[in-house]
Amino acid sequence: MAIQRTEMFLAQLQKIEHNPLLVEKLCNDELAFLRQAYEVKDEAINGVYAGLRVYLNAIARYRKAIYDYDNTHIARTYFKMTEIDSLHKANQDQTAKMRGLSDTDSTISNIDGYIELSVKLCNATSYADNILGIAALTGRRVSEVAYFSTFNHCDKEAFNRLYNQYGIDECDGLLVENLAKKENYEMKDRRLKHNESFVNQVIIPVLYDADYILQAIEDLRCKKSFDSHTQFHNQASKELSKRVKKHYDEFLGRCASHDLRKAYCRIVFDYYADMPEKAVLDFYSVILAQNSPGNYAKFSCE
């Protein structure tokens with residue numbers, strides 16, 4: 001069952017919007033459903049409230065759907081995070097900020113085994129395994145692997161111009177277009193809004209043969225396709241969360257899909273780049289196409 005059901009919610013809202021009390025009840029019921037579906041916890045473990053982040057993201061999507069329907073609708077008054085949600089979010093964000101300012105706190109064990117597993121997952125039966133394997137080898141977001149992005153061979157000279165200055169000349173590269181950003185999640189196709197400040201493509205080093213990865217992506221898209229980011233989130237997020245722990249906890253410790261992106265950064269830096277440690281964040285900003293990569297400095301390598 002899909003977790004988010006905004007279309008059903010809007011249909012119900014239209015039937016009762018003349019009655020504010022019924023609107024408030026509908027909003028409260030839907031919030032309760034989402035909180036239960038995402039298994040939100042009110043006790044933090046290491047500063048993290050389980051399920052809170054995805055629950056708040058879901059609230060934001062519902063609020064956007066209400067706004068698109070009627071930007072002055074009273075439902076937006078009721079469909080929002082509670083004071084306790086807001087407090088928990090602030091505490092979690094502060095913990096994440098402090099963790100980002102600290103030294104790396106996790107170690108990637110058995111790099112060869114990590115890459116071998118990722119290569120194997122690229123051709124596994126499960127599309128979720130395919131997504132994780134490709135994400136681990138490319139450092140791209142799981143949503144980009146599954147839906148948003150287009151992957152192609154990059155121009156070798158362009159790759160060398162970009163990466164030779166970092167001492168990288170022994171690995172394959174790919175051109176990735178249509179990068180996923182939160183402001184693009186609600187778009188119904190892969191044509192992104194024009195934004196001068198938004199980098200829409202990146203040339204990246206990859207951790208395995210480029211031809212193999214491209215074939216795996218082509219096979220994945222034939223096996224499983226998504227019409228929108230919301231559909232991808234609803235259909236795949238729980239399975240990805242379950243499988244990333246099953247496959248990668250051995251190498252990364254307790255982890256989430258986004259940790260594959262962090263591990264990729266560290267492996268590329270340690271095994272391919274020839275730069276001092278103080279340059280690590282500058283290098284991450286290049287391979288991730290992000291201006292603020294500080295929260296990716298999680299791992300060290302054995």
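What you see is a predicted model, and the numbers here were worked out from it, not measured in a lab.
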- Message: If you count every heavy atom of other residues, nucleotides or ligands that lies below 6.0 Å from Q165 atom CD, does the total exceed 12?
- Response: yes

Output for pair (I267 CD1, L137 CG), nearest 0.5 Å, gives 9.0 Å

| said: If the threshold is 4.0 Å, N to carboxylate O, is there a salt bridge linking D85 and K89? | reply: no

task: Indicate, with yes or no, if L281 and I287 share a hydrophobic cluster defined by side-chain heavy-atom contacts under 4.5 Å among Ile, Leu, Val, Met, Phe, Trp and Tyr.
output: yes

d(L56 CG, M81 CE) to nearest 0.5 Å is 5.0 Å

Nearest heavy-atom approach of N178 to S149 is O-OG, 2.7 Å

Sorted by chain and number, sequence neighbours left out, side chain to side chain donor-acceptor pair (under 3.5 Å) with N28 holds for none

In terms of heavy-atom contacts, S225 and Q231 come closest through O-OE1, 4.3 Å

Q: Indicate yes or no: at least one non-hydrogen side-chain atom of Y127 is less than 4.5 angstrom from one of L220.
A: yes

Side chain of N130, backbone of L121: donor and acceptor closer than 3.5 Å?
yes

Between L179 and A289 the two heavy atoms that sit nearest each other are CD1-CB, 4.0 Å

Next on the checklist: Working note: D42 + R35, criterion side-chain contact (heavy atoms from CB on, under 4.5 Å); need CA distance, chi angles, decisive distance, verdict.
Outcome noted: CA-CA 11 Å; D42 288 324; R35 176 176 279 276; 3.5 Å; yes

Practice task
Tell me, yes or no, whether the heavy-atom count around K223 atom NZ, taken from other residues, nucleotides or ligands under 6.0 Å, exceeds 12.
Solution key: yes

pair K238-K242: side-chain heavy atoms closer than 4.5 Å: no

Notebook entry, point to check: Within a reach of under 6.0 Å around NZ of K15, are more than 12 heavy atoms found that belong to other residues, nucleotides or ligands?
Noted result: no

Which of Y78, Y55, Y69, F79 passes ring-ring contact (aromatic ring centres under 6.0 Å, His included) with Y62? It is F79

Taken to the nearest 0.5 Å, the spacing of E177 CD from E144 CD works out to 12.0 Å

Between D172 and A210 the two heavy atoms that sit nearest each other are OD2-N, 2.9 Å

Quiz item: Would a hydrophobic clustering, with Ile, Leu, Val, Met, Phe, Trp and Tyr connected at side-chain separations under 4.5 Å, put L22 with I66?
Solution: yes

dist S86:OG -> N91:CG (nearest 0.5 Å) comes out at 9.5 Å

> What do the steps show when you test Y271 against I111 for side-chain contact (heavy atoms from CB on, under 4.5 Å), and what is the final call?
Replying inline: CA-CA 10 Å; Y271 283 78; I111 302 299; 3.4 Å; yes

When rounded to the nearest 0.5 Å, the distance separating OH of Y264 from CG of L207 is 6.5 Å

On a heavy-atom basis, the closest approach of C255 and L252 is CB-CB, 4.2 Å

Item to check | Within-4.5 Å side-chain heavy-atom neighbours: F151 and E218 | outcome: no

Does the R141 side chain pair with the main chain of A180, one donor and one acceptor, at a distance under 3.5 Å? yes

For D211, the side chain to side chain donor-acceptor pair (under 3.5 Å) test, sequence neighbours excluded, returns H153

* To do: Check the pair N123 / Y212 against side-chain contact (heavy atoms from CB on, under 4.5 Å), numbers first and verdict last.
  => CA-CA 10 Å; N123 285 326; Y212 182 91; 2.7 Å; yes

Residues 245-256 vs side-chain hydrogen bond (donor to acceptor under 3.5 Å, both in side chains), sequence neighbours excluded, gives S118-Y248, D129-H247, S241-K245

Inset, instruction - Decide side-chain contact (heavy atoms from CB on, under 4.5 Å) for V54 and S237; before the verdict, give the C-alpha distance in whole Å, the side-chain angles of both, and the deciding distance to 0.1 Å. - result: CA-CA 10 Å; V54 288; S237 59; over 6 Å; no

Sorted by chain and number, sequence neighbours left out, side chain to side chain donor-acceptor pair (under 3.5 Å) with Y67 holds for none

Short side-chain to backbone donor-acceptor contact, R140 and A135, under 3.5 Å
no

Requested in this report: May I ask you to decide whether R266 forms a salt bridge with D270, counting only side-chain N to carboxylate O separations under 4.0 Å?
Outcome: yes

I'd like to know whether CG of D274 has more than 12 heavy-atom contacts from other residues, nucleotides or ligands below 6.0 angstrom. no

message: In this structure, is the centre-to-centre distance between the rings of Y147 and H229 below 6.0 Å?
response: no

*Are side-chain heavy atoms of V145 and L132 found at a separation under 4.5 Å?*
no

Practice item. Count the heavy atoms belonging to other residues, nucleotides or ligands that lie under 6.0 Å from NZ of K224, then report whether that count exceeds 12. Key: yes

The single option from Y272, Y166, F159 that satisfies side-chain contact (heavy atoms from CB on, under 4.5 Å) with P205 is F159

Task: Ring geometry between Y114 and F251 (parallel below 30°, tilted from 30 to 60°, perpendicular above 60°) - done: perpendicular

State whether F33 and R5 meet the cation-pi test: NZ (Lys) or CZ (Arg) under 6.0 Å from the six-membered ring centroid, and within 45° of the perpendicular axis. yes

CG of N234 to OG1 of T6, rounded to nearest 0.5 Å, is 8.0 Å

For A236 and F226 the tightest heavy-atom approach is CB-CZ, 4.4 Å

Does V268 reach the side chain of I168, with side-chain heavy atoms less than 4.5 Å apart?
yes

Going by chain and number, the hydrophobic cluster around I84 (ILVMFWY, side chain to side chain under 4.5 Å) further includes L87

With sequence neighbours left out, the residues meeting side chain to side chain donor-acceptor pair (under 3.5 Å) with T72 are D70

Margin query: Is there a side-chain contact between H73 and L13 in this structure, where contact means two heavy atoms from C-beta onward sitting under 4.5 Å apart?
Written below: yes

In terms of heavy-atom contacts, does CD of Q14 have more than 12 from other residues, nucleotides or ligands at under 6.0 Å?
yes

